[in-house]
Protein chains: 2
Amino acid sequence: MQCCWQNQTLICDGVTLSRVLKPNPKTLGKPATIKDVASHAGVSYQTVSRVINEHPAVKAATRVRVENAIRVFNYHPNGAARSLVSQRSTTLGIISFGTAFYGPSQMVASIEQAARGRGYGLSYANLAALSISELTDAIKTLRRQNVGGLLIVAPLLEVETASLDNLYKNLPFVLIDAETSAKHPFSAIDQFAGGRLSAEHLIALGHRKIALLSGPQTWYDAKLRNKGWRTALHNAKLEPVQDVAGNWSAGSGYQVTKQLLEHHKFTGLLVGNDQMALGALRALHEHGLRIPEDVSVVGFDNMPETAFFEPPLTTIEQDFASLGQRCLEQLIALIEKPELAPRMQVIVPKLIVRSSTDVPKTQPSAVKVKN
Amino acid sequence: MQCCWQNQTLICDGVTLSRVLKPNPKTLGKPATIKDVASHAGVSYQTVSRVINEHPAVKAATRVRVENAIRVFNYHPNGAARSLVSQRSTTLGIISFGTAFYGPSQMVASIEQAARGRGYGLSYANLAALSISELTDAIKTLRRQNVGGLLIVAPLLEVETASLDNLYKNLPFVLIDAETSAKHPFSAIDQFAGGRLSAEHLIALGHRKIALLSGPQTWYDAKLRNKGWRTALHNAKLEPVQDVAGNWSAGSGYQVTKQLLEHHKFTGLLVGNDQMALGALRALHEHGLRIPEDVSVVGFDNMPETAFFEPPLTTIEQDFASLGQRCLEQLIALIEKPELAPRMQVIVPKLIVRSSTDVPKTQPSAVKVKN
DNA sequence: GTTAGCGTTGTGATCGTTCACAAAACAGCG
DNA sequence: CGCTGTTTTGTGAACGATCACAACGCTAAC
């Protein structure tokens, strides 16, 4: 190989390899641009653009030269410039609510995973409260980030969504685990099926006195799970002993169960999520009741801790990873070819049986056996 | 008020209020731009820019007219164009790891909250594994989103961070709860102090045989908590009965405690987080040990569920909200006036005493009392 | 030796906004 | 009225990339 410096330019076998950088005072300190890379590699900026976009029409030797220059300058393409001119964005927005709870936080994590795999970034906004003003604020924030679409992991009622049509304008979105309707595209885990599954489990074991401890009825999930429970009970010609609601937290599960025990007798307890179930277990224990001998308990979510509750909890497992994957694909389809995008997708959950449920061993009532 | 339409223009009291929109076929369907708004309000685009940036030099009447036009067009400023020309970004990147665990997920949530309050958006990347390639990938993804800085909630060792200097170039960042060093700016909760606090609590109660159940030693937090425990023990002239590690999960807490119980006797157990403590409680129960009579247990994190464990868990509370706030301010300072930004910030955690700890009532050993 | 065709590279316009500066409008004062 | 100073508004040039198109250098065919 024959190399020589000629006029501040390194030439090997007749090919310009690199030029001496003249540190432009205006450019100093700023991140490198496509033009810096281009002049260093001795090509036009368009060629550099082709290399970073993996366009095939670039000679191998040129590509190598450009790639070297990119490395030398630590060049990163400027996303703002890119999405400004190309009129599309590689960022999606995600709006979530209640990330202190297992379900929502798992959904966000799995969606992020899926998005990065597909080359999309994620802009994140968590709602501090379930109000229109918070939602408006979140959408505005995300719009400013120039997101190409929205994934909404929040139990919003359709009314609320509809009232925001203006905000959503020109911005495709997918509702996740929210009010079902044919009006807006959505993805969800079939909470109704999950509810039925857990109630049918207790019924099959022989329970006749079953109490319901729902999540907050402002949440779509909570309502549907409840509906699933009631449908299964109804099919077995049973009425719930009582139907109460907590706020998803272990604390509320504890308190509501305590109240429940004062006035009602039951051998089965269906709970809206695992965290409330934890509180319920504690209240039952304090009341001197054994689980599952006196009362069988079923949770919802299958968070990893439930296997170590006292006793290990029977619960419903939801496949969040595949939900994340699917709703992402749905949104991308909606952006790229709206007419072909699926309107709705539903995933069926699974029953996980552990030792918190068994056939009712005591009389069909919750006997007080204060130790 | 005198209003009339004149030449397709609405004029009230001599002031042009709005013009009829001529739907430009090229503009059709696309989101409105600053120019659409300007021509509708009868001003120049610069004036519109002034209004959306709350510049004071705009006459009240003009401002109202522009704001109306903005509403009419459902105009949202284009963030890409904005950050392209102004060379700054209102988006920050957050890199997290282990969001299945309480600590990391709380930090992310509180940082997002703080960011939106300060007018910043957040781009989110969660590491699937703690590897250089994952981190590299995440940083590249965030760079493409044109983030103005990085918040890194990951227990990276300094070595790893340093090896990425190139990737971080021109991009200010704050490490959160990561390897301390004067080299990079960071914010953290004082895990060492937390560790000492919990160990000193057991020692003050009179425990002499104390076992340690740490988190994974690849995590900075786990190492420092362990160091805190050991320092407190050392100061009391004690040696840990045994020092073992889990992987933060309840399952690992359960298994490791089972092994521990086969070979060692202790009256106190210090655990690296609440989830492992849950598993440990279960293992102790299965072994026929009473808590706190036979063994006292201290967790770490104070996740809301711990108050409903069997028994309610003594643990260490960390103020994630104020950590989020502070590290955000630190990053913003780093971006806006680097020379004035604080290098490091540390928040001291708090002991929460519940019923899982008490004075040792049995002989100073873990007696097997299989029921 | 033209001409056509292909692979490769370069040029000018463009995206929607902000910035620096200039110009207009208005008020106050002698 | 003319001068000055302060508001208020407008103009041209950037920012860093992509897109559409044009032009170049080869090889192959007539």
Side-chain angles (χ1 to χ4, degrees), chain A residues 14-16 24 26-27 29-39 41-66 69-70 73-91 143-146 148 170, chain B residues 14-16 24 26-27 29-39 41-66 69-70 73-91 143-146 148 170:
Chain A
V15 179
T16 302
N24 182 338
K26 270 181 71 182
T27 312
K30 281 201 211 166
T33 76
I34 205 172
K35 288 184 185 167
D36 299 322
V37 174
S39 71
V43 296
S44 77
Y45 52 84
Q46 180 59 268
T47 302
V48 177
S49 171
R50 288 195 182 97
V51 169
I52 57 186
N53 289 296
E54 290 166 3
H55 191 101
V58 177
K59 220 161 56 178
T62 316
R63 165 164 297 131
V64 170
R65 217 139 33 94
V66 171
I70 287 175
F73 280 93
N74 187 37
Y75 166 79
H76 295 269
N78 181 322
R82 234 180 196 182
S83 68
L84 176 59
V85 68
S86 63
Q87 299 286 54
R88 55 191 148 66
S89 160
T90 57
T91 307
R143 268 208 126 104
R144 265 202 298 274
Q145 325 279 305
N146 257 65
N170 296 320
Chain B
V15 179
T16 301
N24 182 338
K26 269 181 74 181
T27 311
K30 281 199 210 168
T33 76
I34 206 174
K35 288 184 184 169
D36 299 322
V37 174
S39 71
V43 296
S44 76
Y45 53 83
Q46 180 60 271
T47 302
V48 177
S49 171
R50 288 197 182 95
V51 169
I52 57 185
N53 289 296
E54 287 165 6
H55 191 101
V58 178
K59 221 163 52 182
T62 315
R63 164 165 298 134
V64 170
R65 220 145 24 100
V66 171
I70 287 176
F73 281 92
N74 187 35
Y75 166 79
H76 295 269
N78 182 320
R82 231 179 198 185
S83 69
L84 176 59
V85 67
S86 65
Q87 298 286 58
R88 55 192 149 65
S89 161
T90 56
T91 307
R143 268 207 127 106
R144 265 201 300 271
Q145 326 276 307
N146 258 66
N170 295 321

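Keep in mind it's a predicted model, so treat the numbers as computed, not measured. Residue numbers begin at 1 in each chain, while the letters A, B, ... track the order of the sequences. As a basis for the values below, the full set of heavy atoms in this structure was taken, side chains included, without hydrogen atoms, waters or symmetry mates.
- Atom NE2 of B/His76 and atom P of C/dT17 are 12 Å apart (whole Å).
- In the model, A/Arg82 has a side-chain atom that pairs as donor or acceptor with a side-chain atom of A/Asn53 under 3.5 Å.
- Each of B/Tyr75 and B/Lys59 lies near DNA chain C, and the nucleotide nearest B/Tyr75 is the one positioned closer to the 5' end.
- The phosphate of D/dT9 has neither OP1 nor OP2 within less than 4.0 Å of any side-chain N or O from B/Ser44.
- Counting only heavy atoms from C-beta on, B/Ala57 has its side chain closest to D/dT8 among D/dT8, C/dT9, D/dG16.
- Distances shown here put a side-chain N or O of A/Thr47 below 4.0 Å from the OP1 or OP2 atom of C/dG10.
- Relative to the side chain of A/Ala81, the nucleotides C/dT18, C/dT8, D/dG16 differ in distance, and D/dG16 lies closest.
- The distance between atom CG of B/Asn78 and atom P of D/dA17, rounded to the nearest whole Å, is 16 Å.
- If you check C/dT18, C/dG10, D/dG16 against the side chain of B/Ile52, the one that comes closest is C/dT18.
- As judged by a 4.0 angstrom heavy-atom cut-off over every strand, A/Ser83 is placed among residues making no nucleic acid contact.
- Taking 4.0 angstrom as the limit, B/Gln87 places none of its side-chain polar atoms (N or O) nearer than this to OP1 or OP2 of C/dT17.
- Following rounding to the nearest Å, B/Arg63 (CZ) and D/dT7 (P) show an atom-to-atom distance of 15 Å.
- Taking both residues in full, the closest heavy atoms of B/Ala80 and A/Asn146 are given as N-OD1, 3.4 Å, listed atom of the first, atom of the second, then distance.
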Heavy-atom protein contacts under 4.0 Å, nucleotides 19-24 of chain C, coded B base, S sugar-phosphate only, - none: BB----
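- In the set C/dT8, D/dT18, C/dG16, D/dT18 carries the atom at the smallest distance from any side-chain atom of A/Ser49.
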